[in-house]
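These notes are about the structure you will find just below.
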Amino acid sequence: MEYKQRTVTCGALRKSDDGQRVVLNGWVHRNRNHGGIHFINLRDRYGITQVVVGEHAPDDVVAVAGELHLEYCVSVEGIVHARPASMVNAEMGTGEIEVEALSLQILSRCEPLPFMIDENETDAKEDTRLRYRYLDLRSGAMQKRIKLRHDFVRAIREYLSSRDFYEIETPTLIKSTPEGARDFLVPSRIYPGKFYALPQSPQLFKQILMVSGFDKYFQIARCYRDEDARGDRQLEFTQLDMEMSFVNRDDILLVMEGLFNHVFKQVMDYQLPAHFTRLTWHEAMNTYGVDKPDLRYGLPIVAVDDLAKASSFGTFLQVLSDGGTVKALKAPASEAPAYSRKYISELEDAAKIYGAKGLAWIKVGSNGAIEGGVSKFFVGQEQALIQRMEAKEGDMIVFVADQWKKTCNSLGAVRIKLARDLGLVTKGTFEFCWIVDFPLFEYNEDAKHWEAAHHMFSMPQVQYLDTLESDPGSVKGDLYDLVLNGYEVASGSIRIHDVELQKRIFRICNFTDEEAESRFGFLLNAFRYGPPPHGGIAPGIDRMVMIMAEQTSIKEVIAFPKNTAAISPMDDSPSSVDEQQLDDLHLIIKQLKKTE
RNA sequence: GAGGGCGUAGCGAAGCUGGUUAUCGCGACGGCCUGUCACGCCGUAGAUCGCGGGUUCGAGUCCCGUCGCUCUCGCCA
């Protein structure tokens with residue numbers, strides 16, 4: 001098709017371009033027909049320019065203008081005119097000018113839209129947006145977020161490249177290894193009955209790159225985990241995968257602090273503190289009830305075992321004698337929501353999600369009195385309780401009594417709900433923190449053996465090396481998570497680089513030497529050839545961009561995401577395949593639950 | 001696997017305790033309009049109220065089942 005190619009974009013023209021002859025290519029964003037005069041807002045990635053088809057326009061231009069509908073793709077040639085002061089649109093970047101059309105060509109037509117393309121957020125429902133993702137991505141909001149993501153990744157590449165990191169690709173068809181999440185499998189055509197797996201992360205390959213001497217590595221790596229989706233989780237996602245040799249934990253934390261200082265400044269002009277708060281896993285759990293605390297607000301959880309023990313509340317006493325714990329959280333006084341019976345029950349529901357059996361409460365009245373709920377069991381301890389909680393009139397104190405982890409998690413959920421409902425979350429701020437000293441193992445009650453809490457390649461802290469086997473539960477690892485505004489945005493560790501130590505870890509996690517050798521033999525072999533001490537980390541790109549864009553779903557920052565049912569409504573994947581394809585792959589479908 | 005929310009025209013929504021012809025905005029279509037910028041004005045079409053069953057004289061509304069979407073728990077080193 002012959003057409004006039006653009007000489008400028010729709011966001012470029014200014015008053016200083018007055019009188020220029022230009023060509024614009026773009027989409028009809030709005031078309032206002034006043035009978036004798038048309039105003040066409042022409043849109044592309046860069047902005048919107050008003051095109052005028054007026055009284056002096058050639059007849060053919062007027063005719064074409066009359067045919068235009070929303071989202072027609074057109075080419076316009078015209079003259080730039082500065083608008084008279086009274087007609088300037090201060091809302092638009094190009095609001096001081098307009099382009100008088102001399103020629104107008106329709107490049108392609110557009111059917112009636114399923115939803116309007118908005119300069120900001122579209123009001124269509126997510127399902128509809130995903131089905132017509134190509135239209136949804138035209139919205140100003142999506143364009144902005146996709147750009148943000150580009151800027152973010154670009155700033156990362158620039159920073160790391162300037163600091164001697166190599167970007168190295170690792171395979172996406174790899175061996176299935178029995179750790180972590182469920183693997184996506186790819187059947188081999190050449191080897192009947194054998195499968196590749198898509199990587200859950202480039203973990204083993206980046207460690208092997210360290211053995212190869214590439215002592216500073218990074219990759220913008222696609223990762224795959226066949227697990228149920230969430231707002232902040234897709235089965236396919238992108239990590240900034242990193243690994244370094246001859247480093248200790250603090251070296252890695254410092255690199256990351258430098259990286260994100262640079263990136264936030266570069267991309268959002270946001271100044272982060274030079275160093276991020278560090279909390280041990282235990283501190284985080286005890287104080288915030290999660291291993292990914294949102295530090296944009298306070299509301300610390302407080303231990304009250306001693307006060308509970310001195311109380312006369314049977315439930316508390318029972319939990320304590322069963323080895324549990326009692327913790328409390330102060331809900332600060334506020335007008336809305338008042339701590340009504342209904343609201344307290346909402347808080348209780350939040351606590352119960354994580355297994356708490358109930359939520360005890362006490363209101364603080366005037367003159368140091370405590371009222372309602374379980375207050376009658378704390379006679380004589382009013383002042384001690386108020387002092388401990390730093391409570392004042394109008395505050396409410398809520399309690400959970402249970403096993404340690406349930407207690408922490410439940411109050412953690414109440415803390416988050418309170419902060420949201422009371423409006424304690426400061427918009428537009430970014431609070432990073434490090435969580436360190438994670439336990440290396442946790443006990444799998446179903447499988448009846450210990451498992452790696454993160455993965456099996458993380459280094460135990462040296463003081464636990466003699467007690468790995470005798471007391472796995474208390475072993476702390478050289479592990480660290482980076483947390484941003486209540487989301488885990490990165491996770492990493494110093495790795496094991498010693499074959500014997502690595503084998504001990506496998507054994508504790510119930511792998512025989514034979515199994516370990518068959519699954520991870522290539523790593524163990526590499527470690528027989530002078531592996532350097534090394535460690536790394538992997539920030540989630542989608543999550544970080546989501547938080548920077550102040551969204552609550554990573555779908556908002558992924559061009560083509562899948563829905564919660566793991567379906568892509570646009571291309572309708574997954575789908576069935578031809579019999580011939582199955583034959584090639586030596587596959588027989590066991591049973592179809594429903595006919596397709 | 002489990003729980004909460006939602007499902008009404010192409011899109012977004014209203015429809016209270018069951019009661020005539022299911023309402024509104026955007027969009028579509030036709031017409032009018034020479035300075036709008038979410039243009040305005042007049043008119044038209046468009047809905048088996050997700051699907052199936054039940055209660056009832058009568059169901060968008062109540063009950064049961066089912067499907068889809070969404071958030072969450074489990075799961076996700």
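A, B, ... follow the sequence lines: proteins, then strands. Residue 1 opens every chain.
- His534(A) contributes atom NE2, which lies 10.0 Å from atom CG of Leu209(A) (distance to the nearest 0.5 angstrom).
- As rounded to whole Å, 9 Å separates atom P of A38(B) from atom CE of Met92(A).
- Listed nucleotides C39(B), G74(B), G27(B) differ in distance to Met116(A); the shortest reach to its side chain belongs to G27(B).
- Side chain of Pro114(A), nearest nucleotide from G10(B), G74(B), C76(B): G10(B).
- Side-chain atoms of Ile353(A) lie closest to U72(B) of the nucleotides G27(B), U72(B), C76(B).
- Side-chain N/O atoms of Asn31(A) and Tyr72(A) include no donor and acceptor closer than 3.5 Å.
- Between Trp281(A) and Phe438(A), the ring planes lie tilted relative to each other; the angle falls in the 30° to 60° range.
- When the P atom of C75(B) is taken as reference, atom CG of Asn409(A) falls 12 Å away, rounded to whole Å.
- To the nearest whole angstrom, the two C1' atoms, one in A47(B) and one in G15(B), are 14 Å apart.
- Atom CZ of Arg45(A) sits in a sparse spot, with 12 or fewer heavy atoms from other residues, nucleotides or ligands closer than 6.0 Å.
- Look at CD1 on Ile117(A): it is 13 Å from C1' on C26(B), rounded to the nearest Å.
- Taking the C1' atoms as reference points, G46(B) lies 14 Å from U8(B), given to the whole Å.
- With rounding to whole Å, Glu119(A) atom CD is found 18 Å from C26(B) atom P.
- Distance noted for atom C1' between C64(B) and U55(B): 10 Å (whole Å).
- Backbone-only engagement by Ala565(A) is indicated by non-hydrogen atom pairs under 4.0 Å involving sugar-phosphate atoms exclusively.
- Looking at Asp572(A) and Ser575(A), their side chains never bring a donor and an acceptor atom within 3.5 Å of each other.
- Side-chain contact check for Tyr464(A) and Asp471(A): no donor-acceptor pair (N or O, by modelled atom type) lies under 3.5 Å.
- Rounded to whole Å, the distance from CZ on Phe115(A) to C1' on G25(B) is 18 Å.
- Under 3.5 Å, the side chain of Arg225(A) and the base of C76(B) form no donor-acceptor pair of N or O atoms.
- Atom OH of Tyr132(A) sits in a sparse spot, with 12 or fewer heavy atoms from other residues, nucleotides or ligands closer than 6.0 Å.
- A salt bridge between Asp437(A) and Arg249(A) is present, with a side-chain N of the basic residue lying under 4.0 Å from a carboxylate O of the acidic one.
- The CG-P distance, from Asn31(A) to C39(B), rounds to 9 Å in whole Å.
- The NZ atom of Lys417(A) sits 16 Å away from the C1' atom of C73(B) (whole-angstrom rounding).
- Using a cut-off of 4.0 Å between Lys/Arg side-chain N and Asp/Glu carboxylate O, Arg129(A) and Glu556(A) are scored as salt-bridged.
- Across G31(B) and U36(B), the matching P atoms stand 24 Å from one another, rounded to whole Å.
- Using P as the reference atom, U56(B) and C75(B) are 47 Å apart when rounded to the nearest Å.
- Phe457(A) comes within 4.0 angstrom of nothing in the nucleic acid, heavy atoms only.
- Nearest nucleotide to the Asp228(A) side chain, out of G74(B), C75(B), A38(B): G74(B).
- For G46(B), there is no paired nucleotide, since no Watson-Crick or G-U wobble pair has both relevant distances below 3.5 Å.
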Annotated protein contacts, base or backbone, on nucleotides 28-36 of chain B with a non-hydrogen cut-off under 4.0 Å, one of B, S, - each:
-S---BBBB
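- For the segment residues 121-137 of chain A, the set of residues with a heavy atom within less than 4.0 Å of an atom of RNA chain B comprises Asp123(A), Ala124(A), Lys125(A), Glu126(A), Asp127(A), Thr128(A), in numerical order.
- Within the structure, every side-chain polar atom (N or O) of Lys352(A) is placed at least 4.0 Å from both OP1 and OP2 of U72(B).
- Using a 4.0 Å heavy-atom criterion, one finds that Ser491(A) contacts no nucleic acid atom at all.
- Comparing U34(B) with C39(B), their C1' atoms sit 13 Å apart, to the nearest whole Å.
- Comparing the same atom, P, in C51(B) and in G7(B) gives a spacing of 13 Å after rounding to whole Å.
- Of the P atoms belonging to A22(B) and U48(B), the separation is 13 Å, rounded to the nearest Å.
- Side-chain contact check for Asp481(A) and Ser491(A): at least one donor-acceptor pair (N or O, by modelled atom type) lies under 3.5 Å.
- Judged by closest nucleotide on RNA chain B, Asn89(A) is the one of Asn89(A) and Thr552(A) placed further toward the 5' end.
- More than 12 heavy atoms of other residues, nucleotides or ligands lie within 6.0 Å of CZ in Phe184(A), so this atom counts as buried by the packing criterion.
- Shown here, G7(B) forms a base pair with C67(B); the pair counts as Watson-Crick or G-U wobble because both key distances fall under 3.5 Å.
- Nucleotide G40(B) forms a Watson-Crick or G-U wobble pair with C32(B), both donor-acceptor distances falling under 3.5 Å.
- For U17(B), there is no paired base (Watson-Crick or G-U wobble, both distances below 3.5 Å).
- For A2(B), the paired nucleotide is U72(B), the pair qualifying as Watson-Crick or G-U wobble because both relevant distances are below 3.5 Å.
- Side-chain atoms of Thr170(A) and Gln219(A) form a donor-acceptor pair, as typed in the model, at a separation below 3.5 Å.
- In this structure, Arg233(A) atom CZ and C71(B) atom P are separated by 12 Å, rounded to whole Å.
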